[in-house]
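Hydrogens, waters and symmetry mates are skipped; everything else that's a heavy atom, side chains included, is used.
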Amino acid sequence: MAASPALQFGAVPWGLLQRAFVVLALLAGSALALRLDDGRLPTRLRERFVLGVPWGTLVTLSGVLAVYLFLQGGYWHWYRPVVLPFRAWSYAEPLGMLVAGFAHAGPGHLLGNLFGALTLAPIVEYAIGHYPATSRPVDPEPSTRRERLAALRYDPIARAFLLFPLGVAVVGVLLTLFTVGAVIGFSGVVFAFAGFALVRYPLGTVLALVGSDLLNLLYNALRDPTLTASGRSRFVTPWFADIAIQGHAIGLLAGVVLGALLLRRRPADGPSPVRLFTGALLLASAQSLWAVYWYRGGTEYVLYRAVGLGLVALAAALIVVAVAGSDRRPFARLGGGEPDDAGDTRLVDLPVRQLGVALLVVLAAVLSGPAVAVNLVSTEGNLPGEPVTVRGYEVTYAEGVENELVSAIPVTLFGETTQVTTSGVIVSNRDRGIWQSVVPRGRLASNGRARVVVGGVGWRETVTAVRRGWTAVGGGTAYAVALENGDERRTVFTSAPARAEPQIANQNVSVVAGNESFYLLVSEDNDTVRRPLPRANESVTVRNVTFHGGNGRVVAIHDGTRVTVFRVETYD
């Protein structure tokens, strides 16, 4: 007897059931926790937030999302927004400097930062509060513009919907101005949130970061309840090579300094030194702030783990001094301790806590210094050959060319140098100071195709790089790279010939990439014959050897012997 269709496993909406199970389990657990909390959490939230809601966080994140959806075009192209013009290229290109801190390279980048901010920003907003810590000065009807602006500081609505998002925007732009490289993303501000929250709630901040991972997991579980994966070979760069360590570190230090200043203005029970050091060390370690690295060319990277971990421990100790240090003046005698003739007190007469803050500011300045030098220099935007041009952008493929983005300021230190080369698909725009290797050679060799999106505010175009090649048995690969833009297709690069290892009738056999097709080279002594590479079910005879194409390979036939000499390059 056949089973009822309703009972067949294939008829059950298994993905929907999984989503429902996750949502119901989370709702039930949250309801139980709030019930056992006896309503204390909602009460505390209403004491700090208007209606108990962190409106500043929601407004801020809505603005970041709007930049991705509408300015970058993510609403219409969710997985491929316009990125290049919104990176921080140099001070000469203000669009990138103003927008880079809030734009993102893709949906994964965007959601990761939104989830991090969604768990950390409310802690910062809670510490600041919608309701001011001090009462408003007696002036019920401010008359001057200055008085009206000052009154906003004491208005809970203004603090929630205007001042907090405005402060975040200012921090985002400032962090972009002092971050090295063509950065993009909200992560610098997220780390500033983490640094600020760390000052007041060290271990709570670490738990908030775990919460952001949970949100990310929840999103992925609801979007794709079941994931099937299999092993495959593909080109990947090291995980640490995609992290803007310097920008993250500056954001964290900036947040700590701002949090320490607020804590000093609002006397409260600060965290214990042990909790603060533990929280700072855990946060910096979990967020890979120890991953100090440099790169040699486009495919080799050097990670200084020991140095990075030592710097993280030193920074954690400085944070403890800046936040939990005493008001004792340890160098008062050394500095004199008395005002000089001008009435100024010597720097060394500062209390321990203020010295710690000063050292953090100095550390942030040291990290920011290279960014100022780099951002003052614009690349020349030179590309070899005849690149494809799209409204001011130039796109090409090249190998072993100088990386103008890194080499703008020549520096050699500890055996490493900024004078490095790169290979892959390169995009430049002289007017905007843009120069970037957007697709490494290895990635294009692995995938065979890559799409490059160029554009600006309100427009975008796509250039597709296509690699085709033949691999010589026992030798290398001969390949050509073409760029496609609409109806235009142009070969912009051809590699060196690749020679097969086996000799056929004492002759060397090579494959050569041309602009439109591939060619066969058969050499004997100083005599070389060039013929088109045979296609499927075609044959080419050179001297006494016949070359036959088919099934993605070329076979040499001589005296009844068949030897494969070339195979078509395959891609993931």
Side-chain angles (χ1 to χ4, degrees), residues 37 40-41 43-45 47-49 54 56-57 116-134 164 167-168 171 189-213 248-290 309-330 350-364:
D37 188 63
R40 286 174 293 179
L41 177 60
T43 301
R44 290 196 299 268
L45 292 179
E47 290 174 352
R48 304 295 295 173
F49 298 145
T57 297
L118 190 59
T119 55
L120 289 168
I123 300 177
V124 176
E125 198 172 357
Y126 183 90
I128 297 173
H130 295 170
Y131 302 99
T134 58
F164 184 83
V168 172
V171 170
V189 179
V190 174
F191 274 85
F193 287 148
F196 194 106
L198 184 71
V199 170
R200 189 65 183 87
Y201 310 102
L203 299 185
T205 302
V206 177
L207 290 176
L209 288 172
V210 176
S212 70
D213 293 336
H248 292 178
I250 293 175
L252 182 70
L253 293 177
V256 169
V257 170
L258 293 174
L261 293 177
L262 179 68
L263 190 64
R264 183 173 180 83
R265 291 187 59 184
R266 297 182 181 179
D269 294 331
S272 69
V274 173
R275 290 169 65 91
L276 185 58
F277 181 78
T278 302
L281 200 58
L282 288 175
L283 186 151
S285 300
Q287 297 303 307
S288 303
L289 289 180
W290 52 267
L309 185 57
L311 291 175
V312 163
L314 177 61
L318 287 179
I319 290 173
V320 172
V321 174
V323 176
S326 68
D327 292 326
R328 187 171 58 88
R329 302 173 184 264
L350 292 175
V352 171
R353 185 182 303 179
Q354 293 185 27
L355 281 174
V357 173
L359 288 174
L360 287 180
V361 172
V362 170
L363 179 58

Can you see which heavy atom on [X] is nearest to which on [Y], and at what distance?
{"X": "A260", "Y": "A322", "answer": "CB-O, 4.2 Å"}
{"X": "V312", "Y": "S285", "answer": "CG1-OG, 4.4 Å"}
{"X": "A249", "Y": "L289", "answer": "N-CD2, 4.1 Å"}
{"X": "G204", "Y": "I123", "answer": "O-CD1, 4.2 Å"}
{"X": "F196", "Y": "A127", "answer": "CE2-CB, 4.1 Å"}

Item to check | Side chains of L252 and L283 in contact at under 4.5 Å (non-hydrogen atoms) | outcome: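 The answer is yes; the side chains approach within 4.5 Å.
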
Checklist entry - Is there a side-chain contact between V321 and L355 (heavy atoms, below 4.5 Å)? => result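 No, too far: nothing below the 4.5 Å cut-off.
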
Checklist entry - Any donor-acceptor pair under 3.5 Å linking the side chain of E125 with the backbone of T57? => result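 Yes, because the side chain of E125 sits within donor-acceptor range (under 3.5 Å) of the backbone of T57.
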
Checklist entry - Under the 3.5 angstrom rule, does the side chain of S212 hit a backbone N or O of T119 as a donor-acceptor pair? => result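 No, because the side chain of S212 does not come within donor-acceptor range (under 3.5 Å) of the backbone of T119.
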
Give, for atom [atom1] of [X] and atom [atom2] of [Y], the distance between the pair rounded to the nearest 0.5 Å.
{"X": "L314", "Y": "I319", "atom1": "CG", "atom2": "CD1", "value": "10.0 Å"}
{"X": "L203", "Y": "L282", "atom1": "CG", "atom2": "CG", "value": "7.5 Å"}
{"X": "Y126", "Y": "E47", "atom1": "OH", "atom2": "CD", "value": "6.5 Å"}
{"X": "F164", "Y": "H130", "atom1": "CZ", "atom2": "NE2", "value": "7.5 Å"}

Item to check | Matching residue for V320 among L281, T278, L276 - test: side chain to side chain contact (heavy atoms under 4.5 Å, CB included) | outcome: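 Output: one option passes, namely L276.
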
Next on the checklist: Angle between ring planes, H248 versus F191, binned at 30° and 60°: parallel, tilted or perpendicular?
Outcome noted: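 H248 vs F191 ring planes: parallel.
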
Item to check | Criterion side-chain contact (heavy atoms from CB on, under 4.5 Å) on F193 and T205, from CA distance to verdict | outcome: CA-CA 9 Å; F193 287 148; T205 302; over 6 Å; no

Checklist entry - Heavy-atom count around R275 CZ within 6.0 Å, excluding the residue itself: above 12? => result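 No, because the 6.0 Å sphere around CZ of R275 holds 12 heavy atoms or fewer from other groups.
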
